[in-house]
Structures are given as C-alpha cells and as structure tokens.
Number of protein chains: 2
Amino acid sequence: MNLSKVQAVISKRFDVLNAYGMGFNDFVILYLLQQAPAGKMRRIDLADKIGITASGITRLLLPMEKVGWVSRESNERDARVSYVVLSPAGRQLFEDSKTTADDLALEIVPRGKSKNCKALTELLSGMGGNII
Amino acid sequence: MNLSKVQAVISKRFDVLNAYGMGFNDFVILYLLQQAPAGKMRRIDLADKIGITASGITRLLLPMEKVGWVSRESNERDARVSYVVLSPAGRQLFEDSKTTADDLALEIVPRGKSKNCKALTELLSGMGGNII
DNA sequence: GACATATACTTGACTACTCAACGATTATGC
DNA sequence: GCATAATCGTTGAGTAGTCAAGTATATGTC
C-alpha cells in the first residue's frame with residue numbers, strides 16, 4: 001500500500017514533463033530506446049520492461065509516432081514483430097527533458113539517502129522480477 | 001522508474017481481489033476505514049492517504065456505496081464535510097478478503113527479506129511524505 | 001456584518017491504461 | 001507436411017483515475 005501511494009505521489013510530480021508534451025511513461029520509453037542497441041526495441045519488450053500490456057504500448061506509441069519522436073520498422077525474419085525506433089527528434093527531446101527529470105529526482109530522493117536507494121532497488125527487483 | 005514498474009506488476013497481482021468484486025484501492029479504503037476510530041473518515045483524508053484526488057475518491061466510493069460496503073454521514077459542525085462510514089457488510093468483506101491479500105503479500109515479499117521491508121518503508125516515507 | 005479567501009466535495013470532459021477477442025505469422029510434435 | 005500451439009500486435013469496450021470549473025460552506029479581516 002505504501003508502494004502504491006509513493007508511486008502515485010512521485011508520478012504526479014513527474015507531470016512537470018508535460019512541459020515537453022509528454023507523460024511519465026513516454027519519458028521511460030525514450031530512456032529505454034536511447035540506451036538500447038541501435039536505438040530500437042520490439043514493442044512487446046518495451047511493454048514488458050515498463051510493466052504495461054501490449055495493447056497499452058500500442059496506445060502509448062500512437063501519439064508518439066504521430067509527432068515523430070519514434071518510428072516503425074519491420075523485421076525481415078519475422079513478419080509478426082515491429083520495432084520502435086528512436087528518431088533524432090526523439091533523442092534530442094530526451095536529452096532536453098533528462099535534465100528536468102534529473103533535477104526532480106534529486107529533489108525526491110532524500111538527501112544523503114542515495115546509498116539506500118541501491119538496497120531499495122534490489123528489494124524491488126526481488127518483488128517484481130527483473131526491472132529496467 | 002523501477003518503483004513505477006514494480007507498483008504496476010504488484011497491483012496487477014492484487015487483481016485476485018476481483019473475486020470479491022473489488023479493486024486494489026477498494027481494499028485499501030476498507031483497510032483504512034476498518035482501523036480508523038469509529039470506522040469512519042472524511043473523504044478528503046481518505047484521498048490524501050491513498051494518494052488520489054478528491055474527485056478520484058468520489059468516483060471510487062460511488063459503486064462502494066451502491067453495493068453497501070460503506071455509507072455516508074454528515075458532520076453537524078461543518079456542513080461541507082461528509083464522512084465515509086464502514087458498514088457491517090464492508091467490515092465482513094474486509095475480513096474475508098484480508099486472508100487472500102495476506103497470502104499474496106507473503107508470496108510477493110521475498111522470503112527472509114521481510115526485515116528489509118522496514119527499511120524500504122522508511123525510505124519510501126522520505127520520498128512521498130507520510131504514508132499509511 | 002460584508003467581503004475575500006480557503007476548504008470539502010461533485011461534475012463534465014478527458015487520458016491512460018485494462019481485458020478479451022481477433023488476425024497474422026511462426027514454431028513444434030509427430 | 002500438416003495440424004496444433006504459441007507469439008506479436010491491434011482493436012472495441014470498459015475502468016480508474018485526472019484536471020478544471022462549479023457549488024456550498026466556513027473563516028479571517030477590517
């Protein structure tokens with residue numbers, strides 16, 4: 001229950017990202033793509049990583065494709081999969097928004113407690129499987 | 001980001017509570033009411049505790065009132081406030097669902113790590129204000 | 001005692017998802 | 001080879017919230 005509340009409170013604070021026209025999960029998507037090899041991932045892997053469903057990903061990516069932050073690419077070996085590819089505009093947007101996000105993260109993590117965060121992350125991993 | 005994912009994964013597992021016709025936040029509401037003095041709370045305090053907005057609470061409670069788990073009570077001193085009161089049926093439902101929730105919690109918390117949970121809770125408190 | 005401001009709650013319009021069902025494609029067992 | 005099963009993605013319909021605006025009441029100031 002605590003987890004649920006803290007997540008709600010924190011993700012609400014990340015609404016500052018609205019200034020860039022994106023929500024929290026949009027930011028996470030850009031983050032994951034930016035550090036993925038070749039800047040691309042399968043849609044379903046993206047969904048699993050952030051903890052939403054395949055249909056959730058379809059709906060989240062729709063507006064992101066429309067404004068050109070990401071684009072679509074197919075796999076020649078397997079016609080079922082389609083990749084999400086980070087566009088240059090998307091990469092630039094991530095760089096810009098990252099500084100805002102970093103500042104906010106510093107505000108949120110209690111001062112001098114960043115060490116404990118490692119322990120927290122491990123415990124969280126044990127609870128929810130492998131995370132980002 | 002890890003927090004956000006783990007919360008998504010865990011709250012999805014709590015969908016077993018659907019068997020009782022309730023969602024995760026319904027359970028949290030019953031929990032809070034059940035341990036509140038006189039089994040009642042102001043709507044806004046309830047909202048703050050679980051980390052949603054006043055309008056969110058209105059909409060969450062609507063079906064819960066309809067099926068009779070909670071009822072409404074007004075304050076004689078202040079006509080603005082309305083209390084949420086746990087009904088006997090609601091209390092019974094909480095008792096029933098609690099065993100299911102407890103079992104699930106035991107599954108989720110990694111074995112032998114329950115001690116670390118205390119530390120986790122403290123850290124979370126530092127991040128999101130006073131929790132439950 | 002009148003006015004400005006703050007608080008408690010609800011409502012309309014919206015967003016960000018969920019699930020269940022489906023179509024398309026690929027993998028597996030025999 | 002071929003049936004069966006599994007995987008990837010999309011879609012329709014629904015849920016659980018959000019925000020902005022509005023109503024009603026309370027409180028502080030002068």
Side-chain angles (χ1 to χ4, degrees), chain A residues 1 4-5 7-29 40-67 70-85, chain B residues 4-5 7-30 40-67 70-85:
Chain A
M1 294 191 284
S4 164
K5 178 182 175 177
Q7 197 276 331
V9 170
I10 291 184
S11 99
K12 224 164 283 174
R13 294 197 58 184
F14 268 93
D15 282 358
V16 293
L17 292 174
N18 287 340
Y20 298 94
M22 57 167 126
F24 179 69
N25 270 340
D26 296 315
F27 179 78
V28 178
I29 287 173
K40 68 180 182 182
M41 288 179 76
R42 300 191 318 164
R43 303 168 93 77
I44 202 160
D45 293 334
L46 211 39
D48 285 347
K49 279 277 190 195
I50 70 180
I52 64 174
T53 61
S55 68
I57 266 291
T58 296
R59 299 195 143 97
L60 259 180
L61 289 178
L62 218 75
M64 297 180 73
E65 287 169 359
K66 216 168 256 176
V67 296
V70 298
S71 58
R72 203 175 267 262
E73 195 179 297
S74 56
N75 182 331
E76 357 169 271
R77 301 279 172 102
D78 189 336
R80 289 170 305 180
V81 333
S82 95
Y83 288 102
V84 192
V85 191
Chain B
S4 163
K5 179 183 174 177
Q7 197 276 333
V9 169
I10 291 184
S11 99
K12 222 164 287 174
R13 294 197 58 185
F14 269 92
D15 283 357
V16 291
L17 293 173
N18 288 340
Y20 299 93
M22 57 167 123
F24 179 69
N25 271 341
D26 296 316
F27 179 78
V28 179
I29 287 174
L30 293 182
K40 68 180 183 182
M41 288 179 75
R42 299 191 318 161
R43 303 169 91 78
I44 202 156
D45 294 334
L46 210 41
D48 285 347
K49 279 278 189 196
I50 70 181
I52 65 175
T53 61
S55 68
I57 266 290
T58 297
R59 299 198 143 95
L60 260 179
L61 289 178
L62 217 75
M64 295 180 73
E65 286 168 359
K66 215 168 257 176
V67 297
V70 298
S71 59
R72 202 176 268 261
E73 196 179 297
S74 56
N75 183 331
E76 0 171 87
R77 301 278 172 104
D78 190 337
R80 290 171 305 179
V81 334
S82 95
Y83 288 103
V84 192
V85 190

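Order of the sequence lines sets the chain letters (A, B, ...), proteins ahead of strands, with each chain counted from 1.
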Would you kindly give the [atom1]-to-[atom2] distance between [X] and [N], to the nearest whole Å?
X: A:I57; N: D:dT7; atom1: CD1; atom2: P; result: 19 Å
X: A:L61; N: C:dC17; atom1: CG; atom2: P; result: 11 Å
X: B:I50; N: D:dT18; atom1: CD1; atom2: C1'; result: 14 Å
X: B:F14; N: C:dC19; atom1: CZ; atom2: C1'; result: 20 Å
X: B:F24; N: C:dC17; atom1: CZ; atom2: P; result: 18 Å
X: A:Q7; N: C:dA16; atom1: CD; atom2: P; result: 14 Å
X: B:I52; N: C:dC9; atom1: CD1; atom2: P; result: 13 Å
X: A:D45; N: D:dG9; atom1: CG; atom2: C1'; result: 13 Å

When all nucleic acid strands are considered with a 4.0 Å heavy-atom cut-off, which category describes B:L60: base, sugar-phosphate, or nothing?
sugar-phosphate

Closest to the [X] side chain: [options]?
X: B:R59; options: C:dT26, D:dT18, C:dA6; value: D:dT18
X: A:S55; options: D:dA24, D:dT10, C:dC9; value: D:dT10
X: B:R80; options: D:dA26, D:dA6, D:dC19; value: D:dA26
X: A:T58; options: C:dA6, C:dT11, D:dG9; value: D:dG9
X: A:A79; options: C:dT26, D:dA26, D:dG9; value: C:dT26
X: B:T53; options: C:dT18, D:dC19, D:dC8; value: D:dC19

Side chain of B:R43, base of C:dT10: donor and acceptor closer than 3.5 Å?
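No such pair is found, so the answer is no.
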
Per the side-chain contact (heavy atoms from CB on, under 4.5 Å) rule, which among A:D15, A:V9, A:V16 passes with A:K12?
A:D15

Ignoring backbone atoms, establish whether [X] has a side-chain N or O less than 4.0 Å from OP1 or OP2 of [N].
X: B:N25; N: D:dA16; result: no
X: B:R72; N: C:dC9; result: no
X: A:R42; N: D:dC8; result: yes

How far apart are the closest heavy atoms of [X] and [Y], and which atoms are they?
X: A:M22; Y: A:N18; answer: O-OD1, 3.2 Å
X: B:I57; Y: B:I50; answer: CD1-CD1, 4.4 Å
X: A:D26; Y: A:G23; answer: OD2-N, 2.8 Å

Quick test of your reading of the model: are B:R43 and B:E65 salt-bridged, counting only N-O distances below 4.0 Å?
yes

